Amino acid sequence: MRPILMKGHERPLTFLKYNRDGDLLFSCAKDHTPNVWFADNGERLGTYRGHNGAVWCCDVSRDSLHLITGSADQTAKLWNVQTGAQLYSFNFDSPARAVDFAVGDKLAVITTDPFMELPSAIHVKRISKDPSEQTGESVLILKGPQGRINRAVWGPLNRTIISAGEDAVIRIWDSETGKLLRESDKETGHKKTITSLSKSADGSHFLTGSSDKSAKLWDIRSLTLIKTYVTERPVNAVAMSPLLDHVVLGGGQEASHVTMTDHRAGKFEAKFFDKILQEEIGGVKGHFGPINALAFNPDGKSFSSGGEDGYVRLHHFDPDYFNIKI
């Protein structure tokens, strides 16, 4: 399995996202400029210029027409995917972190970081069909969780919003009223910051990765813990295969600790686990720094990883991957 090395960022990668058709890959990094690539050959199609801070997260609409990005410059921006034109900018009083389009692309959830005296918050915005009619007002603002909210995604039928972050608690909110419906159990839940969250293809369950060196699989409605995957190092990124029962975890130490450890190159690997049996089935090495972002192509036949080293590595699976037996 030869990876395609995609160099388009000068700074560490933060997020990767495929569009629904699986032909485009969007990458965000700390260098202010999200990129879009052809997902089959890794050719760069274009960039989205306009942010002047690290871009933490992005999401693309179902029809691949619009892109939303959340950035440390205290804005979340809407873009025209095809032309790269900025359509709208949502301005906040603190850095924007996670962004996620609702099913139907009429709503988006945006989280903002704690900043000065401001607590972290989850904002629900209405997205207009016509960009010229777009307004910045929030349909709903949720406050409450302590610390940074690293991820917020929509639950089934857009009825709920699932958030997770620094306080290691997963919360499910009612997206109409803003009421807190469920919290993950302290005993079974993560012990440290939740760094990443990824939904299954059918939206029935989701996976969280944490600095406590584990990833956990949860039921999206009842918030029951289904599985736990344990590794030797903090997990920065998680993804689930839409095709097979495979879970992939990416991680490594904090960037500040990297110099204290092994000097051999390409030590950082994406580890594959059997989703059901919770056993490690393989790994893909190659990055020169911790893996910060992972994404599976919607067809399940390739995946990409983004690292602290500024590279995106695109892997098309060999035929024997599809017959791994435990």
Side-chain angles (χ1 to χ4, degrees), residues 1 16 150-151 153 155-156 162-165 167-172 182-253 267-287 290-307 313 315 317-326:
M1 185 167 72
L16 290 168
N150 285 328
R151 287 283 172 269
V153 297
I162 295 118
S163 71
D167 61 0
V169 180
I170 300 165
R171 294 184 174 83
I172 298 186
R182 287 196 174 82
E183 285 192 343
S184 60
D185 188 46
K186 284 270 193 288
E187 292 302 303
T188 56
H190 286 292
K191 303 289 180 275
K192 290 187 180 166
T193 302
I194 295 171
T195 53
S196 47
L197 190 158
S198 164
K199 285 196 295 190
S200 64
D202 64 359
S204 65
H205 52 284
F206 65 93
L207 183 66
T208 53
S210 161
S211 314
D212 66 8
K213 304 181 182 173
S214 74
K216 290 177 186 285
L217 193 68
W218 308 83
D219 182 280
I220 206 160
R221 290 182 171 82
S222 63
L223 203 52
T224 332
L225 179 65
I226 307 169
K227 301 279 178 190
T228 300
Y229 312 91
V230 183
T231 67
E232 305 84 73
R233 38 187 68 160
V235 180
N236 302 342
V238 294
M240 257 183 290
S241 168
L243 189 62
L244 302 173
D245 285 325
H246 291 173
V247 163
V248 56
L249 314 181
Q253 313 95 317
K267 190 89 170 62
F268 298 89
E269 62 177 335
K271 289 189 191 297
F272 281 73
F273 283 77
D274 186 286
K275 194 190 219 168
I276 316 297
L277 302 174
Q278 306 177 41
E279 287 179 28
E280 194 177 325
I281 50 181
V284 178
K285 288 191 169 72
H287 279 286
I291 293 173
N292 295 339
L294 285 167
F296 257 98
N297 191 307
D299 67 6
K301 294 180 182 165
S302 61
F303 86 105
S304 53
S305 56
R313 296 172 76 94
H315 310 261
F317 293 119
D318 294 337
D320 46 342
Y321 163 80
F322 301 99
N323 318 314
I324 296 175
K325 299 276 183 288
I326 284 199

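Quantities reported herein were computed from a predicted structural model and do not represent experimental measurements.
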A.B. asks: Under a 3.5 Å distance rule, please check whether R313 uses its side chain to pair with a backbone N or O of G307 as donor and acceptor.
C.D. replies: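 Side chain of R313 to backbone of G307: no pair is present.
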A.B. asks: Any side-chain heavy atom of T195 within less than 4.5 Å of one from S211?
C.D. replies: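 Side chain of T195 against side chain of S211, heavy atoms only: contact under 4.5 Å found.
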A.B. asks: List, one per line, each side-chain donor-acceptor pair under 3.5 Å for residues 317-326, sequence neighbours excluded.
C.D. replies:
from	atom 1	to	atom 2	distance (Å)
D318	OD2	M1	N	2.9
Y321	OH	H246	ND1	2.8

A.B. asks: How many angstroms lie between OG in S204 and CG in D219, if you round to the nearest 0.5 Å?
C.D. replies: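 If I round to the nearest 0.5 Å, the distance is 7.0 Å.
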A.B. asks: Within this structure, what is the CG-NZ distance for the pair L207 and K199, rounded to the nearest 0.5 Å?
C.D. replies: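 Between L207 CG and K199 NZ, I get 13.5 Å after rounding to 0.5 Å.
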A.B. asks: Is there a salt bridge (charged side-chain N to carboxylate O under 4.0 Å, His left out) between D212 and K216? Walk through the geometry before answering.
C.D. replies: CA-CA 11 Å; D212 66 8; K216 290 177 186 285; 5.9 Å; no
A.B. asks: Should L217 and K275 count as side-chain neighbours, where that means a heavy-atom distance under 4.5 Å?
C.D. replies: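 Yes; the side chains approach each other to less than 4.5 Å.
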A.B. asks: Kindly give the heavy-atom pair with the smallest separation between S305 and I291, and that separation in Å.
C.D. replies: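 What the structure gives for the nearest pair is CB-CG2, 4.2 Å.
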A.B. asks: Could you tell me if the side chain of K227 sits less than 4.5 Å from the side chain of I276, heavy atoms only?
C.D. replies: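 The answer is yes, as the side chains (C-beta and beyond) meet within the 4.5 Å cut-off.
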A.B. asks: Calculate, to the nearest 0.5 Å, the distance between atoms CD1 and CD1 belonging to I194 and I170 respectively.
C.D. replies: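 CD1 of I170 is found 4.5 Å from CD1 of I194.
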A.B. asks: Identify, with sequence neighbours excluded, every residue that meets salt bridge (charged side-chain N to carboxylate O under 4.0 Å, His left out) alongside K271.
C.D. replies: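 K271 satisfies salt bridge (charged side-chain N to carboxylate O under 4.0 Å, His left out) with E232, E269, E280 once adjacent residues are dropped.
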A.B. asks: Where do P290 and G252 come nearest, in terms of heavy atoms and distance?
C.D. replies: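 Taking P290 first and G252 second, the nearest heavy atoms are CB-CA, 4.1 Å.
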A.B. asks: Is any side-chain heavy atom of V238 closer than 4.5 Å to a side-chain heavy atom of L197?
C.D. replies: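 Sidechains of L197 and V238: no contact.
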A.B. asks: Given H205 and I220, is the side chain to side chain contact (heavy atoms under 4.5 Å, CB included) satisfied, shown in steps?
C.D. replies: CA-CA 5 Å; H205 52 284; I220 206 160; 5.5 Å; no
A.B. asks: Nearest 0.5 Å please: distance from the CZ atom of R151 over to the CD1 atom of I162.
C.D. replies: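 Reported value, rounded in 0.5 Å steps: 13.5 Å.
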A.B. asks: Can you name the salt bridge (charged side-chain N to carboxylate O under 4.0 Å, His left out) partners of E279, sequence neighbours left out?
C.D. replies: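 Once residues adjacent in sequence are excluded, E279 has no partner under the salt bridge (charged side-chain N to carboxylate O under 4.0 Å, His left out) criterion.
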A.B. asks: Taking only residues two or more places apart in sequence, or in another chain, which ones meet D274 in a salt bridge (charged side-chain N to carboxylate O under 4.0 Å, His left out)?
C.D. replies: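 Residues passing salt bridge (charged side-chain N to carboxylate O under 4.0 Å, His left out) with D274: none at all.
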A.B. asks: Between L16 and L294, is a side chain to side chain contact (heavy atoms under 4.5 Å, CB included) present by the stated rule, with each step listed?
C.D. replies: CA-CA 6 Å; L16 290 168; L294 285 167; 5.9 Å; no
A.B. asks: Take a 6.0 Å sphere around NZ of K301 and say whether it holds more than 12 heavy atoms from other residues, nucleotides or ligands.
C.D. replies: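 No, NZ of K301 has 12 or fewer neighbouring heavy atoms, counting only those of other groups under 6.0 Å.
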A.B. asks: Quick check: closest heavy atoms across E187 and K191, and the distance to 0.1 Å?
C.D. replies: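 That closest heavy-atom pairing would be O-NZ, 3.0 Å.
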A.B. asks: Show your working on side chain to side chain contact (heavy atoms under 4.5 Å, CB included) between Q278 and V230 and close with a plain yes or no.
C.D. replies: CA-CA 8 Å; Q278 306 177 41; V230 183; over 6 Å; no
A.B. asks: How long is the straight-line distance from CG of N236 back to CG of N292, given to the nearest 0.5 Å?
C.D. replies: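 Answer rounded to 0.5 Å: 5.5 Å.
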A.B. asks: Can you sort out the partners of H315 under ring-ring contact (aromatic ring centres under 6.0 Å, His included), two or more places apart, ordered by chain and number?
C.D. replies: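 With neighbours one apart ignored, the set is F303.
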A.B. asks: How long is the gap from CD1 on I226 to CZ on F206, to the nearest 0.5 Å?
C.D. replies: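 Reported value, rounded in 0.5 Å steps: 9.0 Å.
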A.B. asks: Donor-acceptor check, side chain of S210 to backbone of H190, threshold 3.5 angstrom: yes or no?
C.D. replies: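 Between the backbone of H190 and the side chain of S210 there is no qualifying donor-acceptor contact (under 3.5 Å).
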A.B. asks: On a heavy-atom basis, which atom in T193 and which in N150 lie closest, and how many Å separate them?
C.D. replies: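 Heavy atoms of T193 and N150 come nearest at CG2-ND2, 3.5 Å.
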A.B. asks: Any ring-ring contact (aromatic ring centres under 6.0 Å, His included) involving residues 220-245? Give me the pairs, sequence neighbours left out, ordered by first then second residue.
C.D. replies: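 Listed once each, the pairs are Y229-F273.
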A.B. asks: What are the two closest heavy atoms between A201 and P242, and how far apart are they?
C.D. replies: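 A201 and P242 have their closest heavy atoms at CB-CB, 4.0 Å.
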A.B. asks: Does some side-chain heavy atom of V169 sit less than 4.5 Å from a side-chain heavy atom of K186?
C.D. replies: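 The answer is yes; the side chains approach within 4.5 Å.
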A.B. asks: To check you understand the geometry: which heavy-atom pair defines the closest contact between P156 and G203, and what is its length?
C.D. replies: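 Reported closest heavy-atom pair: CG-O, 4.2 Å.
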A.B. asks: Can you see whether W218 engages S184 through a side-chain donor-acceptor pair at a distance of less than 3.5 angstrom?
C.D. replies: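 The answer is no; no qualifying pair exists.
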A.B. asks: Apply side chain to side chain contact (heavy atoms under 4.5 Å, CB included) to residues L243 and D299 and explain how you reach the verdict.
C.D. replies: CA-CA 7 Å; L243 189 62; D299 67 6; over 6 Å; no
A.B. asks: State, yes or no, whether a side-chain contact exists between L249 and F272 at a heavy-atom distance under 4.5 Å.
C.D. replies: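 The answer is no; the side chains never approach within 4.5 Å.
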